Amino acid sequence: MPATTPPPRELHERIIDWFGVHRRSLPWRDDPAPWRVMVSELMLQQTPVVRVLPVFEAWMERWPTPADLAAEPSGEAVRAWGRLGYPRRALRLHAAATAIVADHGGEVPSTYEELLTLPGVGDYTAAAIASFAYGRRAVVLDTNVRRVFARVVEGVQYPAPTVRRAERDLATSLLPDDEDRAAAWAAATMELGALVCTARSPRCEACPVADLCRWRAAGYPEHDGPPRRGQAWHGTDRQCRGALMAVVRDADGPVAPEVVAASWSDAAQRERCLDSLLDDGLLDLTPDGRLTLPG
DNA sequence: CATCCGTGGGA
DNA sequence: TTCCCAAGGAT
């Protein structure tokens with residue numbers, strides 16, 4: 001029953017050892033070639049592993065290198081993205097591949113700073129690629145790691161809505177000095193959050209640091225403060241855009257406006273979303289006014 | 001810094 | 001059924 005922050009060495013040891021035994025076999029983990037890691041990370045942004053698996057395999061089969069992807073129209077990436085959601089990620093991955101070919105000799109860059117310049121690659125993804133693909137020492141702070149730290153170290157049920165300075169400093173202070181160990185730590189803490197220290201009904205009986213966990217020691221206090229706001233869905237532009245995209249994505253060729261219109265009844269919202277999709281580059285207009293994925 | 005951006009499955 | 005949320009990023 002620790003009264004204060006658990007000793008980092010003990011955390012490192014136990015969580016990394018646990019990872020050695022319980023780590024999942026994942027295609028981007030078993031063969032962590034940089035491009036594979038990068039593709040997986042973009043796909044995994046806000047999308048569960050099980051849904052990513054089949055799309056990832058097909059993607060890598062078709063586009064084994066950034067150059068392979070960059071050589072095709074962005075619309076092909078959007079179609080191959082399927083129903084993973086947030087299709088702008090497909091556009092960003094295509095743009096990133098193009099940038100990798102143009103500016104990095106076709107090789108996924110290895111440093112956090114270079115990775116951060118790529119479209120679709122933010123703080124988390126840059127750190128993840130540097131760490132998982134290149135074994136670099138990087139602060140990998142995703143939703144899983146944040147939850148683990150919130151509970152074990154801070155003693156609260158959930159992390160704050162956004163990463164603040166103090167939280168980043170904590171994560172930095174916890175990162176092992178040794179490069180290899182830092183990379184193992186990043187993967188291990190993520191996996192612990194994904195498999196054991198889950199958002200709902202955590203499996204504390206299977207946790208290697210349960211006896212060091214401040215949240216557990218405190219008796220699992222419920223989250224207090226403002227309620228955690230979920231995202232609305234029904235009737236939103238997001239739902240509308242998704243419906244419109246599905247029609248074009250699942251069609252063989254260009255789709256007539258009337259066909260697209262049938263998928264969303266609210267005309268004003270439909271037009272607004274159509275405009276935004278064209279503006280985003282997720283859709284294109286043919287000369288005769290039909291809708292296609294971008295060429 | 002808050003909001004927007006898809007989708008589907010489990011509790 | 002409804003609600004929650006899953007390896008975030010861009011603006």
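Below, read A as the first sequence line, B as the second, and so on, with proteins coming before strands; counting in each chain starts at 1. In this text, all values refer to a predicted model and were calculated from it rather than measured experimentally.
Note on Gly242(A): only backbone sugar-phosphate atoms sit closer than 4.0 angstrom, heavy atoms only; bases stay farther off. As judged by a 4.0 angstrom heavy-atom cut-off over every strand, Ala199(A) is placed among residues touching the sugar-phosphate backbone only. Among the heavy atoms of the strands lying under 4.0 Å from Asp237(A) are primed sugar atoms or P, OP1, OP2 only; no base atom is included. At the heavy-atom level, Arg147(A) lies under 4.0 Å from the strands shown only through sugar-phosphate atoms. Among the heavy atoms of the strands lying under 4.0 Å from Arg24(A) is at least one base atom, whether or not backbone atoms are also near. In this structure, Ser201(A) reaches neither bases nor backbone, as no heavy-atom distance under 4.0 Å exists between it and the strands shown. Within 4.0 Å of Pro161(A), counting heavy atoms only, lies no atom of the nucleic acid at all. Across all strands, Phe132(A) comes closer than 4.0 Å to no nucleic acid atom at all (heavy-atom distances). Within 4.0 Å of Leu141(A), counting heavy atoms only, lies no atom of the nucleic acid at all. Among the protein residues, Gln239(A) comes within range of no part of the nucleic acid, since none of its heavy atoms lies under 4.0 Å from any strand. Within the nucleic acid shown, Trp28(A) comes within 4.0 Å of at least one base atom, counting heavy atoms only.
Contacts between residues 33-64 of chain A and DNA chain C, defined by a heavy-atom separation under 4.0 Å, are made by Glu41(A), Leu44(A), Gln45(A), Gln46(A), Pro48(A), Val49(A).
Close to dC3(C), at under 4.0 Å from its OP1 or OP2, lies no side-chain N or O of Arg229(A). At least one side-chain nitrogen or oxygen of Arg228(A) sits closer than 4.0 Å to the OP1 or OP2 atom of dC5(C). A sub-4.0 Å separation between OP1 or OP2 of dG8(B) and a side-chain N or O of Arg83(A) is present. A sub-4.0 Å separation between OP1 or OP2 of dC5(B) and a side-chain N or O of Thr236(A) is absent. OP1 or OP2 of dA6(C) has not a single side-chain nitrogen or oxygen of Tyr86(A) nearer than 4.0 Å.
Proximity of a side-chain donor or acceptor of Arg228(A) to a complementary backbone N or O of His223(A) within less than 3.5 Å is not detected. Under a 3.5 Å cut-off, the side chain of Trp215(A) and the backbone N or O of Pro221(A) do form a donor-acceptor pair.
Going from the C1' atom of dC4(C) to that of dG6(B) covers 15 Å, rounded to whole Å. Between dA7(C) and dA2(B), the two C1' atoms lie 23 Å apart (nearest whole Å).
Between the CG atom of Asp123(A) and the P atom of dA10(C) there is a distance of 11 Å, given to the nearest Å. Between the CD atom of Glu167(A) and the P atom of dC1(B) there is a distance of 13 Å, rounded to whole Å. The CZ-C1' distance, from Arg92(A) to dT11(C), rounds to 10 Å in whole Å. We find that CG of Leu93(A) is positioned 12 Å from P of dA10(C), with the value rounded to whole Å. Between the C1' atom of dG8(C) and the CG atom of Asn144(A) lies a distance of 12 Å, rounded to the nearest Å. Residue Leu84(A) contributes atom CG, which lies 14 Å from atom P of dG8(C) at whole-angstrom precision. Per the geometry, CG belonging to Leu277(A) stands 10 Å off C1' belonging to dC5(B), to the nearest Å.
Along DNA chain C, the nucleotide closest to Ala194(A) and the one closest to Gly230(A) are compared, and the more 5′ of them pairs with Gly230(A). Judged by closest nucleotide on DNA chain B, Arg164(A) is the one of Arg164(A) and Gly85(A) placed further toward the 5' end. Nearest-nucleotide positions on DNA chain B place Thr162(A) closer to the 5' end than the other of Ala243(A) and Thr162(A).
Side-chain proximity of Met190(A) to the nucleotides dT7(B), dA7(C), dG6(B) is greatest for dA7(C). Nearest to the side chain of Arg200(A), among dT7(B), dC4(C), dA7(C), sits dC4(C).
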* Would Ser276(A) and Asp279(A) satisfy side-chain hydrogen bond (donor to acceptor under 3.5 Å, both in side chains), going step by step from the backbone distance to the final call? -> CA-CA 5 Å; Ser276(A) 74; Asp279(A) 195 58; over 6 Å; no

* **Pair Glu13(A)-Arg181(A), salt bridge (charged side-chain N to carboxylate O under 4.0 Å, His left out): steps then yes or no** => CA-CA 10 Å; Glu13(A) 198 79 19; Arg181(A) 228 173 146 63; 3.2 Å; yes

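Between the side chains of Asp169(A) and Thr172(A), no donor N or O sits under 3.5 Å from an acceptor N or O. Side chains of Ser25(A) and Asp30(A): a donor on one and an acceptor on the other come within 3.5 Å.
No more than 12 heavy atoms of other residues, nucleotides or ligands shown are found within 6.0 angstrom of CD on Glu107(A).
Here the CD-CD distance, from Glu167(A) to Glu154(A), works out to 6.0 Å after rounding to the nearest 0.5 Å.
Salt-bridge formation is not detected for the pair Glu72(A)/Arg79(A): no Lys NZ or Arg NE/NH1/NH2 atom is positioned less than 4.0 Å from an Asp or Glu carboxylate oxygen.
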